[in-house]
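Taking it in order: structure first as structure tokens, then the write-up.
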Amino acid sequence: MLERLGIDAEQEQVYEHVLTHPGRTAAEVAQELGGADLDALVAKGLLRVDSGRYSAVPPALTLQGLLDARQLELDRAAARVRELERLHSAAPYGALPAPVEVVPGHQAHDYLMAIHRATRSEVRAFETPPYVKPISVEDAQPVAAAIQHGVAHRIVYSRAAVDEQGLDTLLVTLSVGEQARVTGDVPMRLAIYDDRIATLPAVTGTRTDEGLLVVRPSALLDALIALFERVWASALPLTLTAEEPVEAAEAEDRILIALLSAGMSDQAIARQLGISLRTVGRRIQRVQNGLHAQTRFQAGVAVGLARPGAVPGPR
């Protein structure tokens, strides 16, 4: 855990042991740990030795000093990055990269990951197949981590994307604050990062490993941002989680209504929930009865008029 400070796992273990068992000799520490290079830790300033007995330098003195030194290095590096960015922005237009770059397919994944890691404010995206490979829960973890670190995500899913990604994958990001909406179809697969860069497949309807377009600040980027906002405004909210704990039956109804609102067919809903078509029909009827609604449309309206996320039970 302290490798970034130049302390490997074995040295960290030895330091912790001496910290909690002060006054041991080298032979005693070696016997207790099965061997230990105490002199290396003395050289690093982590241990002291007096009359052949070792004690740990308090963490606030030694480790905090290492942290402060590393933070100073990072601050200097960050300042240099800002300076280089300023020089880049001030460069003559002819010296700047073209507004659109074509990235070969075999480089697309690493390129996309690098852009996502550099994003600090917001990601906006259209999600739709085809994908390079089936989307898994593990694939959603980096997005969830970015959201938890303060990077907002607004995503418009096509119905095909909801069906292909599945509830388990969608819930990974929705449960930590992703704002999601759904529509029948989206114009293209698209991602916009911090209003400064956008990516999309080189050819609409193809996978990113067949070629990626990277759009930098330009009239084209402005148009893509405006397109996203227009589609976002007309798409339906996709809410699969509750703000407060709810009963299992209510949670099931909430997901069912969200999928219905997304325009998913009964067959797709059955596939996502892992239940039969007959069970889907029964649950839809239960929701309608609880809302005093004669049709699915009336049920959706009733939920929309209730408090956010509410699914009233039978009365």
Side-chain angles (χ1 to χ4, degrees), residues 96-149 151-174 176-232 235 238 262 268 272:
L96 295 175
V100 179
E101 177 185 358
V102 180
V103 177
H106 68 279
Q107 299 177 11
H109 179 267
D110 290 343
Y111 208 107
L112 288 168
M113 291 299 98
I115 294 173
H116 194 269
R117 285 194 298 269
T119 302
R120 293 292 176 265
S121 179
E122 183 182 42
V123 175
R124 290 173 284 183
F126 292 150
E127 274 295 333
T128 192
Y131 297 110
V132 174
K133 65 180 184 66
I135 305 297
S136 67
V137 169
E138 290 72 24
D139 294 323
Q141 295 298 339
V143 176
I147 295 171
Q148 290 172 317
H149 282 86
V151 180
H153 280 61
R154 287 195 288 145
I155 313 297
V156 180
Y157 292 91
S158 69
R159 281 198 291 267
V162 173
D163 193 23
E164 185 160 333
Q165 293 198 24
L167 292 179
D168 289 343
T169 299
L170 292 172
L171 284 169
V172 171
T173 51
L174 289 171
V176 294
E178 177 184 285
Q179 300 175 63
R181 295 189 178 185
V182 66
T183 187
D185 200 3
V186 292
M188 67 196 78
R189 192 173 180 196
L190 170 71
I192 302 167
Y193 305 89
D194 284 345
D195 287 342
R196 62 182 181 83
I197 198 166
T199 61
L200 59 157
V203 178
T204 301
T206 62
R207 303 179 322 202
T208 54
D209 66 346
E210 298 177 47
L212 181 73
L213 296 183
V214 178
V215 183
R216 295 189 174 84
S218 60
L220 178 56
L221 179 59
D222 294 341
L224 291 173
I225 292 172
L227 174 64
F228 174 86
E229 294 298 343
R230 176 166 293 187
V231 175
W232 173 266
L238 179 62
Q272 292 297 330

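Values reported hereafter were calculated over all heavy atoms of this structure, with side chains retained and with hydrogens, waters and symmetry mates removed. Just so it is clear, the model here is predicted, and its values are computed rather than measured. Numbers for residues simply follow the sequence, beginning at 1.
- Taking OH of Tyr131 as the reference point, atom CG of Asp209 lies at 14.0 Å (rounded to 0.5 Å).
- In this structure, Tyr157 and Ala180 approach most closely via the heavy-atom pair CE1-CB, 3.7 Å.
- Remark: Ile197 CD1 to Thr119 OG1 distance equals 8.5 Å, nearest 0.5 Å.
- The shortest distance between side-chain heavy atoms of Tyr111 and Thr199 does not fall below 4.5 Å.
- Ring planes of Tyr193 and His116: perpendicular class, angle over 60° (limits at 30 and 60°).
- Distance check, rounded to the nearest 0.5 Å: CG of Leu170 to CD1 of Ile155 gives 10.5 Å.
- Interatomic distance, Thr128 OG1 to Arg159 CZ, rounded to the nearest 0.5 Å: 11.0 Å.
- Of the residues listed (Val186, Leu190, Val182), the one engaging Val156 in a side-chain contact (heavy atoms from CB on, under 4.5 Å) is Val186, and it is the only one.
- Atom-to-atom distance recorded for His109:NE2 and Leu212:CG is 12.0 Å, nearest 0.5 angstrom.
- Looking at Asp194, its side chain does come within 3.5 Å of a backbone N or O of Glu122 through a donor-acceptor pair.
- Side chain of Arg207 to main chain of Pro130: no donor-acceptor pair is present (N/O by atom type, distance under 3.5 Å, no hydrogens or angles).
- Between Asp139 and Thr169 the shortest side-chain heavy-atom distance does not fall below 4.5 Å.
- With rounding to the nearest 0.5 Å, the separation of OG1 in Thr206 from CE in Met188 is 12.0 Å.
- Shown here for Val215 and Leu221, the closest heavy-atom pair between the two residues is CG1-N, 3.8 Å.
- Within the 4.5 Å cutoff, the side chain of Leu220 has no heavy atoms near those of the Pro99 side chain.
- For the residue pair Leu224 and Ala198, the shortest heavy atom distance occurs at CD1-CB, 4.1 Å.
- For the pair Gln179/Arg124, no side-chain contact is recorded, criterion being any heavy-atom separation below 4.5 Å from C-beta on.
- Taking 4.5 Å as the limit, every side-chain heavy atom of Arg196 sits out of range of all side-chain heavy atoms of Arg216.
- Here the shortest heavy-atom pairing between Arg189 and Thr208 reads NH1-CG2, 4.1 Å.
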